[in-house]
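Below, all heavy atoms of this structure are taken into account, side chains as well, without hydrogens, waters or symmetry copies.
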Amino acid sequence: MLVLSCARPVYPTLSLSPSRPKCTAIRSSLSNVHPFVPEVAKAADSLSSEFRGVDNLVACNSSRVLKAFQNAGVGSHHFAGCTGYGHDEAGGREALDQAFAEIVGAESAIVRSQFFSGTHAITCALFAFLRPGDELLAVAGAPYDTLEEVIGKRDSHGLGSLKDFGVMYRELPLAEDGGLDWDVLTSALRPYTKCALIQRSCGYSWRRSLSVEEIGRAIKIIKMQNPNCLVMVDNCYGEFVESIEPPMVGADLIAGSLIKNPGGTVAPCGGYVAGRKKWVDAAAARLSAPGLGVDCGSTPGDIMRAFFQGLFLAPQMVGEAIKGTFLVAEVMASKGYKVQPLPRVPRSDTVQAVQLGSRELLLAFCEAVQRSSPVGSFTKPVAGTTPGYASEVIFADGTFIDGSTSELSCDGPLREPYAVFCQGGTHWTQWGLVLGDVLKSL
């Protein structure tokens, strides 16, 4: 009987005889082949302890997802699409919303293909909270570039930013260590501060991403000043990176994209808002219309199946992406580049930033990633203006789903300090292969 060990699998081997010299030659050849360049191989070998920790996280989160699917009674009848108004969709929407809400520890959730980006979902959540005369307070420094026109920090040309509707905006700078400025936060709220925005991931800022524990601490400080101040967490890139999510520590709403972590590299589009039911309903009314809320919206084809399957796979895919961040940090730091997060420290999102220092090196890094991608490897990424971004940006995303950063990708704004932001990865070994080309190009 063959006995298998989780730590070190045992596989059956062929018995070689003198009459089969070709097999011996093949085995000898394979034993001398290593897919990674020496720097990457050395880094991968040194990260066994960190990788084991990630595997434990994956098991914990997978258990949570499985239980939620079982509690929602997910069945194949939930995978059918619907057309027109989308009234008859066999209960798939309800089951998906229920499972998602349980997974993130929320009262309610809306998971829809009609959200076409994380920015769109976050916008619906902010408009659910805020009314003329209210103030939005960003407590983690400047928000991600694509929210600037939503807020009105950058001119939206009268297209309906929060500023256009009379909502005021203020932001708290980060502390010197790149984290939240706790001293300033303790007295930051004003009487008309209606919503505090916490961005979990670093965005395009050279700062630490926030752990759920830090988010919980910030929420306590905010609620102590005003229990009625609502807290909105931009959860993009953070889902399943820890064993808990922001609603479990008091966030009123979270929002994000399904072509990032929770889509598991399978969801072809969509986003979500989750949290307290009253405010999820209000966000749903912004997506659709007051009175329609969560009850309408067609979902054609097999998108529902992809949403369920992607969500089930998400903990594993996020685990692979986290391993990729460890590997990128280890290799690039060994070459003298500044990295954020630092090598081998706990992760709070799936983003790994590398400070390259020049436009030329940023372009070279992204070009190498594109060459090593499964889709569009023959194309050369070119920096340019992109809707929602203030600076020129370069993207390398040879992905099966357009813009899917849960698959392996990287991007960065063409501005100081010329940092590239790496994210995603269906398997960490792809980052190992990509890094070989990156090192040759820098």
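Within the 3.5 Å criterion, the main-chain N or O of Ser161 finds no donor-acceptor partner in the side chain of Glu149. Without hydrogens or angle criteria, Ser298 side chain to Pro300 main chain gives no donor-acceptor distance under 3.5 Å. A donor-acceptor pair is defined here as one N or O able to donate and one able to accept, closer than 3.5 Å; such a pair exists between the side chain of Arg154 and the backbone of Asp145. Side-chain atoms of Asn261 come within 3.5 Å of backbone N or O of Tyr237 as a donor-acceptor pair. Checked by atom type and distance alone, the side chain of Asp295 never pairs as donor or acceptor with a backbone atom of His87 at under 3.5 Å. Listed for the Asp234 side chain is no donor-acceptor partner under 3.5 Å among the backbone atoms of Arg200. For Gln199 (side chain) and Ser201 (main-chain N/O), a donor-acceptor pair under 3.5 Å exists by modelled atom type. Checked by atom type and distance alone, the side chain of Ser373 never pairs as donor or acceptor with a backbone atom of Val375 at under 3.5 Å. Between the side chain of Lys194 and the backbone N or O of Arg131 there is no donor-acceptor pair closer than 3.5 Å.
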Going by atom type alone, with no hydrogens or angles, which donor-acceptor pairs under 3.5 Å involve a side-chain atom of residues 214-231 and a protein atom two or more places apart or on another chain?
from: Glu214; atom 1: OE1; to: Ser211; atom 2: N; distance (Å): 3.0
from: Glu214; atom 1: OE1; to: Ser211; atom 2: OG; distance (Å): 3.3
from: Glu214; atom 1: OE2; to: Arg208; atom 2: NH1; distance (Å): 3.3
from: Glu214; atom 1: OE2; to: Arg208; atom 2: NH2; distance (Å): 3.4
from: Lys223; atom 1: NZ; to: Cys229; atom 2: O; distance (Å): 2.8
from: Lys223; atom 1: NZ; to: Asp252; atom 2: OD2; distance (Å): 2.9
from: Gln225; atom 1: OE1; to: Ala188; atom 2: N; distance (Å): 3.1
from: Gln225; atom 1: OE1; to: Leu189; atom 2: N; distance (Å): 3.1
from: Gln225; atom 1: NE2; to: Leu185; atom 2: O; distance (Å): 2.7
from: Gln225; atom 1: NE2; to: Thr186; atom 2: O; distance (Å): 3.3
from: Gln225; atom 1: NE2; to: Ile221; atom 2: O; distance (Å): 3.2
from: Asn226; atom 1: OD1; to: Asn228; atom 2: N; distance (Å): 2.9

Evaluate the criterion side chain to side chain donor-acceptor pair (under 3.5 Å) for residue pair Ser409 and Gln423; output intermediate values, then yes/no.
-> CA-CA 6 Å; Ser409 65; Gln423 58 268 320; 3.0 Å; yes
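The residues Arg170 and Glu135 are annotated as salt-bridged, a charged nitrogen and a carboxylate oxygen being separated by less than 4.0 angstrom. Using a cut-off of 4.0 Å between Lys/Arg side-chain N and Asp/Glu carboxylate O, Arg276 and Glu107 are scored as not salt-bridged.
Aromatic ring centroids of Phe421 and Tyr204 lie under 6.0 Å apart.
Side-chain contact of Arg347 with Thr325: a donor-acceptor pair under 3.5 Å is present, judged by distance alone.
If you run side chain to side chain contact (heavy atoms under 4.5 Å, CB included) between Arg371 and each of Pro381, Ser441, Ser377, only Ser441 comes through.
Closest approach of Leu327 to Trp428, counting heavy atoms only: CD2-CE3, 3.9 Å.
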